[in-house]
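The structure appears below as structure tokens.
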Protein chains: 2
Amino acid sequence: MENTIAISIFESLSSGVRLDVFRLLVKKGMEGMVAGEIATSLNVPPTNLSFHLKALTQNRLLSVEQEGRFQRYRANIPLMLDLIAYLTEECCEGHPEKCVIPSKN
Amino acid sequence: MENTIAISIFESLSSGVRLDVFRLLVKKGMEGMVAGEIATSLNVPPTNLSFHLKALTQNRLLSVEQEGRFQRYRANIPLMLDLIAYLTEECCEGHPEKCVIPSKN
DNA sequence: ATAACTATTCAACAAATATTGAAATAATGA
DNA sequence: TCATTATTTCAATATTTGTTGAATAGTTAT
């Protein structure tokens, strides 16, 4: 994964609204949810939700499919898995067994 | 993991500078790096780096230890692993085998 | 056609974050 | 003690991001 992609994904998930939306859709899996359901479920004004859905979709964390007059959104779970791989790669110079806990702060 | 903690971690990693710092330190593992080394390595002005190191440390993604007049920073790898678990939990209503790829965007 | 419904875009404004140089703090060594 | 080095804090400013209501566009049903 490219650095810029990873940054955009973290940006996407760094807002409370967007993280809630993404996790809600991760739970729903393939079924997904239409925009209005998401708005009701999370109690976010539609205009604001739309702003966040757009950001998530542009960064490919969500896919969107038209369904009559509804827009159905789904989480892009494989992308999330790629991100996880990116975060843990090259851990400890290739010796992940050395990843010991630094408890002090 | 709490929602607010997850958000603060994503916020931390949503800046190019901070993501670079974190990944650099993940690579270094237990060895870590002192602030000046990080500044030189990433070509970030010390005053700006300090701002980002503070954010990362407050959100517990980094630990810091004084070493003479140096400050040695290390990545909190276990916290990163907790975050990953948080992201994937409850996937597909508890049926992660259903997490099929939504390729369309 | 028109009315009802779903969702997005737009423009204005509010709020949060990032960046910088100068000054301050703290540790070391001459 | 005094100069040097490492890093952080501060204050000013620049930039980015988030929120809202009103207007718009597309879809369906009458």
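Chain letters run A, B, ... following the sequence lines, proteins first, then strands; residues in each count from 1.
- Counting only heavy atoms from C-beta outward, the side chains of B/Gln71 and B/Glu67 never approach each other to under 4.5 Å.
- Note on the helix from C/dA1-D/dT30 to C/dA30-D/dT1: terminal axis deviation equals 20°, with five pairs used at each end and the result rounded to 10°.
- Judged by a 6.0 Å distance limit and a 45° cone about the ring axis, A/Arg23 is positioned over the six-membered ring of B/Tyr86.
- Distances from the side chain of B/Arg69 to the nucleotides D/dT9, D/dT4, D/dG18 place D/dT4 closest.
- As judged by a 4.0 angstrom heavy-atom cut-off over every strand, B/Arg72 is placed among residues making no nucleic acid contact.
- When rounded to the nearest whole Å, the span between CZ of B/Phe10 and P of D/dG18 equals 15 Å.
- Shortest non-hydrogen contact noted between A/Leu79 and A/Arg60 is CD2-O, 3.3 Å.
- An OP1 or OP2 oxygen of C/dT19 is reached within less than 4.0 angstrom by a side-chain nitrogen or oxygen of B/His52.
- Here the P atom of nucleotide C/dA18 and the CG atom of B/Leu13 are 12 Å apart, to the nearest Å.
- In this structure, A/Phe70 and A/Phe51 both approach DNA chain D, and ranking their closest nucleotides by distance from the 5' end singles out A/Phe51.
- Rounded to the nearest 0.5 Å, atoms CG (A/Leu62) and CZ (A/Arg72) are 13.0 Å apart.
- Taking every heavy atom of both residues into account, A/Leu87 and B/Val26 meet most closely at O-CG1, 4.2 Å.
- Of the candidate nucleotides C/dT19, D/dG18, D/dG26, D/dG18 has the atom nearest to the side chain of A/Ser15.
- Using a cutoff of 4.0 Å between basic side-chain nitrogens and carboxylate oxygens, A/Glu31 and A/Arg74 are not scored as salt-bridged.
- Nucleotides of DNA chain C nearest to A/Gln71 and B/Ser14 differ in position, and the one nearer the 5' end is that of A/Gln71.
- Considering only heavy atoms from C-beta on, A/Leu24 comes within 4.5 Å of A/Met33 through its side chain.
- Between A/Tyr73 and C/dT6 there is no side-chain N or O to OP1 or OP2 distance below 4.0 Å.
- For A/Glu2, the CD atom is loosely surrounded, since the number of other residues' heavy atoms within 6.0 Å does not exceed 12.
- Atom-to-atom, CD of A/Gln66 to C1' of D/dA25 comes out at 11 Å; the value is rounded to the nearest Å.
- Between B/Leu49 and A/Val17, the one whose closest nucleotide on DNA chain D sits nearer the 5' end is B/Leu49.
- Across the protein-nucleic acid pair, A/Glu67 atom CD and D/dT28 atom C1' stand 14 Å apart, rounded to whole Å.
- Rounded to an integer number of Å, the gap from B/Asn59 CG to C/dT17 P is 10 Å.
- To the nearest 0.5 Å, the span separating CG on A/Leu56 from CG on A/Leu13 amounts to 7.0 Å.
- D/dG18 atom P lies 14 Å from atom CG of A/Asp20, rounded to whole Å.
- The distance between atom NZ of B/Lys54 and atom C1' of D/dC10, rounded to the nearest whole Å, is 10 Å.
- Non-hydrogen atoms lying under 4.0 Å from DNA chain C are contributed by A/Val34, A/Ala35, A/Gly36, A/Pro46, A/Thr47, all within residues 31-48 of chain A.
- A straight line from CZ of A/Arg18 to C1' of D/dT19 spans 12 Å, rounded to a whole angstrom.
- Among the nucleotides D/dT28, C/dG29, C/dT8, the one closest to any side-chain atom of A/Leu53 is C/dT8.
- Checked against C/dT19, D/dT8, C/dT8, the side chain of B/Ser50 finds its nearest nucleotide in D/dT8.
- Listed for the A/Ser50 side chain is no donor-acceptor partner under 3.5 Å among the backbone atoms of A/Pro46.
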